[in-house]
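Quick notes on the structure that follows.
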Amino acid sequence: MNKEKQSVIILGSGPAGYTAAIYTARANLEPTMIQGQQPGGQLTTTTEVENFPGFAEGIQGPDLMEEMRKQSERFGTKMISSWVNKVDLSKRPFKLFTDSEEYQCESLIIATGATARTLGLPRESELMGFGLSTCATCDGAFFRDQEIIVIGGGDSACEEASFLTKFGSRVRIVLRRDEFRASKIMIDRVMKNPKIEIVYNMNLIELLGDKKAGITGGVFENTQTKEKETLECSAIFYAIGHTPNTDIFKEYLDMDENGYLITAPESTRTKVEGVFACGDAKDHVYRQAITAAGSGCMAAIEAERFLAENE
Ligand code: NDP
């Protein structure tokens with residue numbers, strides 16, 4: 001058991017968590033970061049990041065996260081490579097439990113992120129970042145004048161498809177049902193877009209391509225006739241939803257119906273004093289590295305103020 005009490009613990013190691021670490025460390029709060037199962041978070045699964053300010057030529061996702069980790073450590077953030085599976089936020093100090101350890105803290109910054117849903121097809125992890133993507137904003141620009149397929153029928157799929165028409169020669173949205181889940185306004189928008197085609201009742205069952213050539217297409221199965229069809233393309237974007245990694249906080253914190261943490265307006269404060277939430281765990285609207293980093297900074301400043309007031 002590690003019962004030594006920390007002033008601030010940051011849970012999660014994406015852009016939100018690292019930014020919170022840099023700020024709290026520079027405020028001499030000696031933060032501890034518990035990195036979670038995927039140190040570096042979602043950006044470690046992408047290749048080139050072109051929209052994070054400060055890198056005129058772009059930077060590889062894993063390299064960006066490595067720089068953020070080093071910057072956090074430079075100011076004294078203590079890194080713990082572990083996974084918290086239970087919390088007790090009923091009173092301070094808050095308690096965090098891993099399989100073998102218990103940690104205590106006076107303030108907690110939740111930056112546990114969200115996980116893009118995938119289909120679980122063979123070779124998904126191999127091809128992720130090589131034509132297969134879960135983020136149009138991140139990767140769309142790599143497919144100028146090429147054929148793009150978007151999987152999903154919700155608002156995200158519609159939004160991503162509309163965005164991708166800036167780049168692709170044609171964007172096909174493939175739905176597993178004969179109707180969208182998206183809101184009417186989003187459906188109208190995709191229906192009116194001459195670059196978008198809708199394919200109904202098809203499930204993607206196989207990814208075609210390899211790391212060298214990238215994605216070259218997908219094999220789809222018609223849900224009604226069970227016939228298989230190959231659709232060629234240079235990129236497949238999954239837009240079948242995200243799951244915020246917030247299950248362990250259910251008992252203590254407010255969340256919306258999809259599990260995103262709810263914070264006070266223009267703040268990272270949750271309903272438990274001393275607990276702050278930032279990044280994708282609370283944001284299903286923007287979901288960008290830079291907005292996550294911004295909210296990580298807010299959480300750090302709010303935690304610092306909270307600790308100063310409650311010393
Ligand atoms: P949703 O859960 O709303 O939609 C997911 C879509 O993916 C559905 O069409 C679903 O199909 C499909 N899907 C799920 N699993 C599979 C699968 N295994 N194979 C094929 N298709 C699958 O997620 P979104 O990310 O679209 O939206 C999440 C929330 O964020 C919503 O509340 C949405 O309104 C909101 N949002 C709002 C935006 C805006 O207002 N601008 C933009 C983006 C999101 P099926 O319908 O058959 O279940």
Side-chain angles (χ1 to χ4, degrees), residues 10-27 29 31 33 35-36 38-77 79 109-116 128-130 133-144 148 156 159-160 162-168 235 237 239 242 244-245 260-261 263 265-268 276-304:
I10 299 158
L11 272 189
S13 55
Y18 282 137
T19 307
I22 293 163
Y23 274 77
T24 47
R26 291 190 75 252
L29 295 176
M33 171 181 279
Q35 289 178 300
Q38 188 184 26
Q42 290 184 71
L43 272 188
T44 59
T45 66
T46 61
T47 48
E48 186 96 12
V49 177
E50 289 182 330
N51 56 8
F52 200 90
F55 299 93
E57 303 303 322
I59 181 168
Q60 294 289 309
D63 295 343
L64 177 60
M65 299 324 295
E66 179 61 13
E67 287 298 319
M68 288 193 198
R69 186 188 61 76
K70 284 195 220 149
Q71 196 176 353
S72 313
E73 284 186 320
R74 180 178 153 208
F75 300 109
T77 304
M79 297 290 174
I109 296 180
I110 300 171
T112 47
T115 308
M128 198 56 79
F130 296 86
S133 172
T134 54
C135 176
T137 323
C138 318
D139 298 327
F142 300 118
F143 303 100
R144 267 175 217 283
I148 297 174
S156 295
E159 197 169 73
E160 306 253 293
S162 300
F163 175 76
L164 288 165
T165 57
K166 288 182 202 219
F167 311 107
F237 286 84
H242 283 75
N245 305 317
Y260 288 92
L261 295 171
T263 54
E266 292 177 38
S267 160
T268 63
F276 305 90
C278 53
D280 287 12
K282 65 154 238 166
D283 168 26
H284 63 85
V285 180
Y286 302 105
R287 289 200 293 243
Q288 299 302 298
I290 189 66
T291 49
S295 70
C297 163
M298 287 168 67
I301 291 173
E302 290 186 305
E304 187 189 344

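Quick note: numbers below take in every heavy atom, side chains included, and nothing from hydrogens, waters or symmetry partners.
- The main-chain N or O of G279 is found under 3.5 Å from a side-chain atom of S295 such that the two form a donor-acceptor pair.
- E67 is linked by a salt bridge (charged side-chain N to carboxylate O under 4.0 Å, His left out) to K70, counting only residues two or more places apart in sequence or in another chain.
- Looking at heavy atoms from C-beta onward, M128 lies in side-chain contact with T134 at the 4.5 angstrom threshold.
- For the atom pair CE of M79 and CD1 of I10, the computed distance is 8.0 Å after rounding to the nearest 0.5 Å.
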- Task: I would like to know whether E73 and R69 meet side-chain contact (heavy atoms from CB on, under 4.5 Å); could you show each step before the answer?
- Result: CA-CA 6 Å; E73 284 186 320; R69 186 188 61 76; 2.4 Å; yes
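- The two residues A299 and F276 come nearest to each other via the heavy atoms CB-CB, 4.1 Å.
- At least one side-chain heavy atom of Q288 sits under 4.5 Å from a side-chain heavy atom of N51.
- Put simply, CZ on F75 and CG on L29 are 14.0 Å apart, with the number rounded to the nearest 0.5 Å.
- The two residues T137 and F163 come nearest to each other via the heavy atoms CA-CE2, 3.6 Å.
- When the disulfide (SG to SG under 2.5 Å) test is applied to C297, no partner is found at least two apart in sequence or on another chain.
- Note on residues 45-64: no pairs pass ring-ring contact (aromatic ring centres under 6.0 Å, His included), not counting sequence neighbours.
- Contact between G168 and I148 at its shortest, heavy atoms only, is CA-CD1, 3.8 Å.
- Under the side-chain hydrogen bond (donor to acceptor under 3.5 Å, both in side chains) criterion, Q71 pairs with no residue, sequence neighbours left out.
- In this structure S72 satisfies the side-chain hydrogen bond (donor to acceptor under 3.5 Å, both in side chains) test with no other residue, sequence neighbours excluded.
- Two residues are said to be in side-chain contact when any heavy atoms from C-beta on lie closer than 4.5 Å; Y18 and Q35 meet this criterion.
- G140 approaches L164 most closely through the heavy-atom pair CA-CD2, 3.5 Å.
- Applying the ring pair (Phe, Tyr, Trp, His ring centres under 6.0 Å) test to H284 and every residue at least two apart in sequence or in another chain returns Y260.
- A distance of 11.0 Å separates CG of L261 from OG1 of T268, quoted to the nearest 0.5 Å.
- Taking T44 as the reference, nothing meets the side-chain hydrogen bond (donor to acceptor under 3.5 Å, both in side chains) condition, with sequence neighbours excluded.
- Partners of R26 according to the salt bridge (charged side-chain N to carboxylate O under 4.0 Å, His left out) rule, which considers only residues two or more places apart in sequence or in another chain, do not exist here.
- Within the 4.5 Å cutoff, the side chain of M298 has no heavy atoms near those of the C278 side chain.
- Residues that satisfy the ring pair (Phe, Tyr, Trp, His ring centres under 6.0 Å) test with F142, not counting sequence neighbours, are absent from this structure.
- Counting heavy atoms from C-beta on, the side chains of Q38 and S13 never come closer than 4.5 Å.
- In terms of heavy-atom proximity, G12 sits nearest to M33 at O-CE, 3.5 Å.
- Take Y23 and apply the ring pair (Phe, Tyr, Trp, His ring centres under 6.0 Å) test, not counting sequence neighbours, and it matches no residue.
- Nearest heavy atom pair, residue A136 against residue E160, reads N-OE1, 3.2 Å.
- Side-chain atoms of T263 never come within 3.5 Å of backbone atoms of A277 as a donor-acceptor pair (strictly under, hydrogens ignored).
- For residues 282-293, the set of pairs meeting the salt bridge (Lys or Arg N to Asp or Glu O under 4.0 Å) definition, not counting sequence neighbours, is empty.
- The side-chain hydrogen bond (donor to acceptor under 3.5 Å, both in side chains) test applied to T77 returns no partner, not counting sequence neighbours.
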